[in-house]
Protein chains: 2
Amino acid sequence: MGIPEADRHVLHTTLGGINIVKTINTRRLLIAAFVGVAMLTAALVHAADPLPSWNDGPVKQEILEFVKATTDESRPTFVPPLERIATFDNDGTLWPSHPMYTQLAFALDRIKMLAPQHPEWKDKQPFKAVLDNDMKTLAAAGEKGLVELVMASHAGMTTAEFEKIVTDWFKTAKHPRFKRPYTELAYQPMVELLEYLRANGFKTYIVSGGGIEFMRPMTEAVYGIPPEQVIGSSIETKYEMQDGKPVLMRLPKVHFIDDKAGKPVGINEFIGRRPVAAFGNSDGDRQMLEWTGAGKGARLMMLVFHDDAKREYAYGPANGLPDTKFGTFSQSLMDEAKKKGWVVISMKDDWKRVFSFEE
Amino acid sequence: MGIPEADRHVLHTTLGGINIVKTINTRRLLIAAFVGVAMLTAALVHAADPLPSWNDGPVKQEILEFVKATTDESRPTFVPPLERIATFDNDGTLWPSHPMYTQLAFALDRIKMLAPQHPEWKDKQPFKAVLDNDMKTLAAAGEKGLVELVMASHAGMTTAEFEKIVTDWFKTAKHPRFKRPYTELAYQPMVELLEYLRANGFKTYIVSGGGIEFMRPMTEAVYGIPPEQVIGSSIETKYEMQDGKPVLMRLPKVHFIDDKAGKPVGINEFIGRRPVAAFGNSDGDRQMLEWTGAGKGARLMMLVFHDDAKREYAYGPANGLPDTKFGTFSQSLMDEAKKKGWVVISMKDDWKRVFSFEE
């Protein structure tokens with residue numbers, strides 16, 4: 001699969017040529033080179049199927065058509081590169097949120113480890129449920145309960161210490177069903193979608209109800225999303241000097257909850273632009289999709305629907321699937337999706353494979 | 001100054017060549033083209049003085065040396081491109097903060113316009129001072145007073161409405177001394193510094209005590225900094241439906257003050273990485289520089305010192321210059337700068353010109 005000798009020569013001459021003329025008009029050459037890269041990028045995108053893990057069908061078609069509509073300068077739906085913002089929920093959209101949120105699994109481990117220093121947790125929910133391994137009570141506590149556990153168990157250290165704790169946990173923790181590190185559980189079709197959008201000039205963001213500092217240590221490696229493009233819930237931090245060195249101490253106080261109506265707020269605060277594409281999977285993403293859809297021009301709103309108990313999980317309660325506390329997809333969300341033309345991705349029908357490790 | 005005929009031909013052949021071989025190995029060609037762009041960027045940077053508005057001397061040298069140290073892969077101080085974060089204060093660092101903060105000038109105009117609807121302002125500071133044109137009392141209210149004025153006068157509309165108000169104001173408002181739109185008052189040496197850093201793979205951010213939504217409408221045009229790279233103070237916003245369309249309402253409640261110890265907090269919240277370079281001009285930037293300087297490896301911390309009454313303004317109170325409420329540079333900040341090796345930029349000595357419109 002190498003480059004044929006003749007073509008390699010052309011390329012070589014070119015780079016040599018650039019070198020020779022560099023003192024003459026580098027700005028024009030630079031522009032020319034950028035044009036070349038743009039052409040190559042376009043060529044790369046068209047060369048092969050950019051979404052090999054998606055089954056052919058209307059959902060895949062909808063994605064391809066959206067990218068064409070927003071990147072073809074000759075079309076009225078063209079979106080300038082700087083405005084190509086795409087936001088993705090994380091749990092249940094980019095990786096599993098079952099049997100529980102990954103961050104909850106992390107929190108449980110932390111809570112159990114810290115329990116000896118907190119005797120009061122024995123009689124206080126949701127801590128008691130954690131220590132009793134009472135998953136039913138925990139699930140009933142929902143996202144709010146998770147936030148409470150996170151805030152209580154994730155504070156009292158510096159941001160640098162917390163980053164190390166999270167990084168170390170990801171190295172050893174495994175998903176109970178798939179028996180693999182959580183960092184290997186990104187949905188392969190969504191990873192391809194992220195890459196496809198980026199190859200077409202989109203800036204991809206995570207906008208999650210999860211903790212911003214829990215996600216950041218892994219998003220670059222797992223999704224190709226750098227920390228500055230991760231928006232999430234946060235606790236307050238305080239700048240202080242420790243032995244003459246500045247640190248940021250994590251305080252047990254909620255700063256911002258990036259969920260439901262908080263998602264458009266977070267997007268506006270962090271990005272300052274309205275996304276042109278948004279991807280979610282639950283009632284927590286409804287407002288993000290509404291906010292995205294209310295903008296002018298071409299828009300793409302999609303919801304991952306978990307209807308694949310065999311390869312992953314099946315829950316709703318939309319379409320009569322069992323209800324869940326970890327990523328509820330209500331019938332009313334399904335109704336709004338239909339009414340507003342949001343695309344519902346059937347994990348079972350639209351994804352050729354779910355994880356990269358599948359055959 | 002065109003490209004000579006022969007070289008133009010080489011370039012033309014190249015782009016044609018790329019076109020021809022695009023189906024063969026686009027990935028390798030893409031990498032080759034990126035290498036080409038990197039070479040050209042390097043060539044461009046070396047071709048001419050990247051900082052023509054800076055006088056030759058130790059300060060300019062310090063900048064050039066820092067960029068070499070962080071971008072030369074063979075040196076132990078090399079910083080990977082994704083970690084090249086540079087943060088800039090805005091008022092007094094990138095444009096004037098005298099005779100008052102630009103946002104204060106905007107707030108005064110708004111307060112006066114809204115006064116008929118707020119009779120209580122006649123007897124309440126700092127509003128009374130605004131309506132009385134009592135600049136001395138206003139100055140004494142300082143940054144805190146500014147925030148109060150901003151919060152009171154900038155709320156009660158949607159984010160989209162506010163953006164329009166700000167954009168319209170920038171179109172007509174003029175600086176009282178320079179008689180030009182504020183958007184023409186960016187310090188030319190700092191604009192060159194921003195461009196030079198970006199040309200070397202740095203991501204440039206604004207980290208200002210000013211309102212995030214006041215700055216965003218102009219930062220891209222004035223500094224080349226997109227809205228998502230602007231960090232600032234903010235008021236709370238609330239997602240709600242108006243006539244079936246989602247809006248974000250601006251509430252008269254402080255959400256975050258991005259000043260002093262708030263700057264490292266804001267940087268951590270928005271970027272999630274420690275900057276390798278930070279630029280400020282006042283006591284409000286001290287913690288940002290401390291936080292930046294506490295990281296490992298090559299660092300660049302700089303403070304613009306306003307000692308040029310002729311071309312701009314001269315204030316301190318460091319070095320015996322008159323004190324100010326708009327960008328205090330205290331003697332203790334000057335002492336810390338000397339102790340920690342932060343570079344103090346003398347506007348008078350280090351800048352060949354201050355504004356782009358100077359001869």
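Per chain, numbering begins at 1; letters A, B, ... match sequence-line order.
A 4.5 Å side-chain heavy-atom check between A:Glu336 and A:Trp342 finds at least one atom pair inside the cut-off.
Your options are B:Val230, B:Ile231, B:Thr159, B:Ile212, and the one with the most heavy-atom pairs under 4.5 Å with chain A is B:Thr159. Ranking A:Gly262, A:Pro264, A:Ser234 against chain B, the residue ahead of the rest is A:Pro264, based on heavy-atom pairs under 4.5 Å. Taking A:Val247, A:Asn268, A:Ile85, A:Leu82 one by one and counting their heavy-atom pairs under 4.5 Å with chain B, the maximum is reached by A:Asn268. Ranked by non-hydrogen atom pairs under 4.5 Å with chain B, the options A:Ala294, A:Gly293, A:Pro246 are led by A:Pro246.
With a 4.5 Å cut-off on non-hydrogen atoms, B:Glu236 does not touch chain A at all. Only the side chain of A:Lys203 has a heavy atom closer than 4.5 Å to any heavy atom of chain B. Contacts of A:Glu163 with chain B are absent, with no heavy-atom separation under 4.5 Å from either backbone or side chain. The contact between A:Gln229 and chain B is made entirely by side chain atoms (from C-beta outward), counting heavy-atom distances below 4.5 Å.
Using cut-offs of 30° and 60° on the angle between ring planes, the pair B:Phe256 and A:His255 is perpendicular.
Looking only at atom types and distance, the side chain of A:Thr71 has no donor-acceptor partner in the side chain of A:Arg84 under 3.5 Å away.
The distance from atom CE of B:Met157 to atom NE2 of B:His154, rounded to the nearest 0.5 Å, is 7.5 Å.
Electrostatic pairing of B:Asp283 and B:Lys260 does not count as a salt bridge here, judged by no charged N lying under 4.0 Å from a carboxylate O.
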